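Notes follow the structure.
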Amino acid sequence: MASKTNPFTFLQQVRAETAKVVWPSRRETVISTLMVIVMVVIAAFFFFAADQLMSLLMNFILNLGA
């Protein structure tokens, strides 16, 4: 069961834990952001191409009997 602490003690504990966090540098943040953007663009092109290919195949199959 959790022990009861007053709000002041809780805020002290939060501040102590936050001080332990290793924050990324500006350079690391920029590089990570660019990597995410590049991967999103690659995924978008891939899914667009896959959608177009499936659309062509479905149209071909559905037009065979016509």
Side-chain angles (χ1 to χ4, degrees):
M1 186 188 300
S3 63
K4 295 185 180 186
T5 59
N6 63 29
F8 182 72
T9 305
F10 174 74
L11 290 176
Q12 282 181 327
Q13 292 172 349
V14 168
R15 186 172 179 166
E17 289 298 319
T18 304
K20 294 177 187 177
V21 174
V22 179
W23 299 101
S25 68
R26 181 176 198 77
R27 184 174 185 272
E28 290 172 331
T29 304
V30 168
I31 289 172
S32 297
T33 301
L34 290 174
M35 288 172 52
V36 168
I37 291 171
V38 167
M39 290 305 297
V40 166
V41 169
I42 290 170
F45 280 128
F46 170 77
F47 286 114
F48 176 76
D51 183 54
Q52 292 298 312
L53 179 63
M54 285 186 269
S55 176
L56 287 171
L57 289 173
M58 287 303 296
N59 284 333
F60 177 73
I61 290 169
L62 292 174
N63 288 330
L64 279 178

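Since we're looking at a predicted model, the values are computed, not measured.
- Take Ser32 and apply the side-chain hydrogen bond (donor to acceptor under 3.5 Å, both in side chains) test, not counting sequence neighbours, and it matches no residue.
- Rounding to the nearest 0.5 Å gives a distance of 10.5 Å between CG of Asn63 and CE of Met58.
- Interatomic distance, CZ of Phe46 versus CD1 of Ile42, reported as 12.0 Å (0.5 Å rounding).
- Within the structure, salt bridge (Lys or Arg N to Asp or Glu O under 4.0 Å) contacts touching residues 16-25 (residues at least two apart or in different chains) are Glu17-Lys20.
- For the atom pair CZ of Phe47 and CE of Met54, the computed distance is 9.0 Å after rounding to the nearest 0.5 Å.
- Side chain of Ser55 to backbone of Asp51: no donor-acceptor contact under 3.5 angstrom is found.
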